[in-house]
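Have a look at the structure below before the remarks.
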Number of protein chains: 2
Amino acid sequence: MLPKNSNDLVSQWQAHAPVFAALGDVTRLALVAKLSGGPPRSIAQLTEAQVGFAESEESRLTRQAITKHLRVLERAKIVRCVRRGRESLFEFDPKPMEELHTYLELVSKQWDQALDRLKAFVEE
Amino acid sequence: MLPKNSNDLVSQWQAHAPVFAALGDVTRLALVAKLSGGPPRSIAQLTEAQVGFAESEESRLTRQAITKHLRVLERAKIVRCVRRGRESLFEFDPKPMEELHTYLELVSKQWDQALDRLKAFVEE
DNA sequence: CTAATATGCAACCAAGAGGTTGCTTATGAG
DNA sequence: CTCATAAGCAACCTCTTGGTTGCATATTAG
């Protein structure tokens, strides 16, 4: 897709793809929104907090389903987990999403520059 | 996860999750990088352009695989497709990624505010 | 007009994702 | 100390994803 010497770009894609993928699910977006808005929370609390989000009791996910999603976010380093007694507490880490933010700005700039080149070309 | 009256937040998640998911793959990130850096390109061109990205001839994806990825990006509205003669040309649309950018800023701000509340609380 | 090129489509396959259930272990509240 | 709570783990199931192959159709270059 790009010359081989753009290895830093390739390694950016390899770093960002898992973070994008981790955010590519409504449940995980909801978990991230919850955790980024306050203190660390346990699995039980996050499972309980579906009240209000899920339309009915039947559409709530089990604790194990929430745990699976939290592990996906943990692997993408969007959250970190600390065990305290019988509770696993999950805390938001803004860094990976800040890096996505930066990456999206880079793509946007690249597009703007491509448009500028096209415009300049058309006006020749 | 949040009170039921935050339906606009829920609809944001439902809108953004597919875009994040579409970007959650190295091949699709490479395609987006390529398309955001220049003019519309055909499937054949994008398939050919793997030279340099893929380490070897053996690791290149088939045209059908590239097409599948482009359809994923098309469904997320990151690219749009125009048929010209025998060619399907794909063009970058910056809007969905700009919306992700805005969303990431919102999450970051939410986190900063949560930290401020914690700090204020600790200093009481 | 013909051959080359570009693409669409479907079928196939293996792996992974997302969810549940059942059970066990560890911790803490009372 | 006991019971409630929190969590871990594995197995299972269905669906989706990501890739390939084979073949057909449409368009265009020569």
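Heavy atoms only: backbone and side chains are in, while hydrogens, waters and symmetry mates are out. Proteins get letters first, then strands, A, B, ... in listed order; numbering begins at 1 in each.
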key: Interatomic distance, A:Leu29 CG vs C:dG18 P [rounded to whole Å]   = 12 Å
ask   = Roughly, in whole Å, what's the span from CG in A:Leu46 to C1' in D:dT5?
value = 16 Å
message = Measure CZ/A:Phe20 against C1'/C:dA17 and give the value in whole Å, please.
response = 20 Å
Which pairs, protein N/O on one side and nucleotides 14-18 of chain D N/O on the other, fall under 3.5 Å?
from: D:dG18; atom 1: OP2; to: B:Arg28; atom 2: NH1; distance (Å): 3.2

inquiry  = Categorize A:Gln64 for me: base, sugar-phosphate, or nothing, with a 4.0 angstrom heavy-atom threshold over every strand shown.
reply    = base
Touch class at under 4.0 angstrom, heavy-atom based, for A:Ser88 against every strand present = sugar-phosphate
query = Between C:dG8, C:dT7, C:dT27, which one does the side chain of B:Glu87 approach most closely?
reply = C:dT7
inquiry  = I need the CG-C1' distance between A:Leu70 and D:dC9, as an integer number of Å.
reply    = 16 Å
query = NA contact type, B:Arg84, heavy-atom cut-off 4.0 Å: base, sugar-phosphate, or nothing?
reply = nothing
request  = Answer with yes or no whether the hydrophobic clustering places A:Leu9 together with B:Leu31; edges join I, L, V, M, F, W, Y residues whose side-chain heavy atoms lie under 4.5 Å apart.
outcome  = yes
query = the helix from C:dC1-D:dG30 to C:dG30-D:dC1: angle between its terminal axes, five pairs each, to 10°?
reply = 30°
task = Apply side chain to side chain donor-acceptor pair (under 3.5 Å) to B:His101 and A:Glu105, showing your working.
result = CA-CA 8 Å; B:His101 188 268; A:Glu105 279 181 338; 3.3 Å; yes
ask   = Just one of B:Arg63, B:Glu87, B:Glu48 clears the side-chain contact (heavy atoms from CB on, under 4.5 Å) bar with B:Ile43, so which one?
value = B:Arg63
key: Salt bridge A:Glu74-A:Arg71, side-chain N to carboxylate O under 4.0 Å   = yes
request  = Round to the nearest Å and state the distance from B:Arg71 atom CZ to D:dG19 atom P.
outcome  = 16 Å
request  = Find which nucleotide of DNA chain C each of B:Arg63 and A:Arg83 is nearest to by heavy atoms, and output the residue with the more 5' nucleotide.
outcome  = B:Arg63
remark   = When rounded to whole Å, the CD to C1' distance for the pair A:Glu74 and D:dA7 reads 13 Å
task = Side chain of B:Arg86 only, please: which of D:dT20, D:dT28, D:dT5 is the nearest?
result = D:dT28
query = How many Å lie between CD on B:Gln45 and P on C:dA6, as a whole number?
reply = 8 Å
request  = Using the side-chain contact (heavy atoms from CB on, under 4.5 Å) rule, take A:Leu89 and A:Arg41 through it: C-alpha gap first, then chi angles, then the decisive distance, then the call.
outcome  = CA-CA 5 Å; A:Leu89 293 176; A:Arg41 283 175 158 81; 5.6 Å; no
note = Expected list for residues 36-44 of chain B near DNA chain C, using heavy atoms below 4.0 Å, is B:Ser42, B:Ile43, B:Ala44
request  = Describe, in one word, how the ring planes of A:Phe92 and B:Trp111 are oriented to each other, choosing from parallel (under 30°), tilted (30 to 60°) and perpendicular (over 60°).
outcome  = perpendicular
query = Do the ring planes of A:Tyr103 and A:Phe20 sit parallel (below 30°), tilted (30 to 60°) or perpendicular (above 60°)?
reply = perpendicular
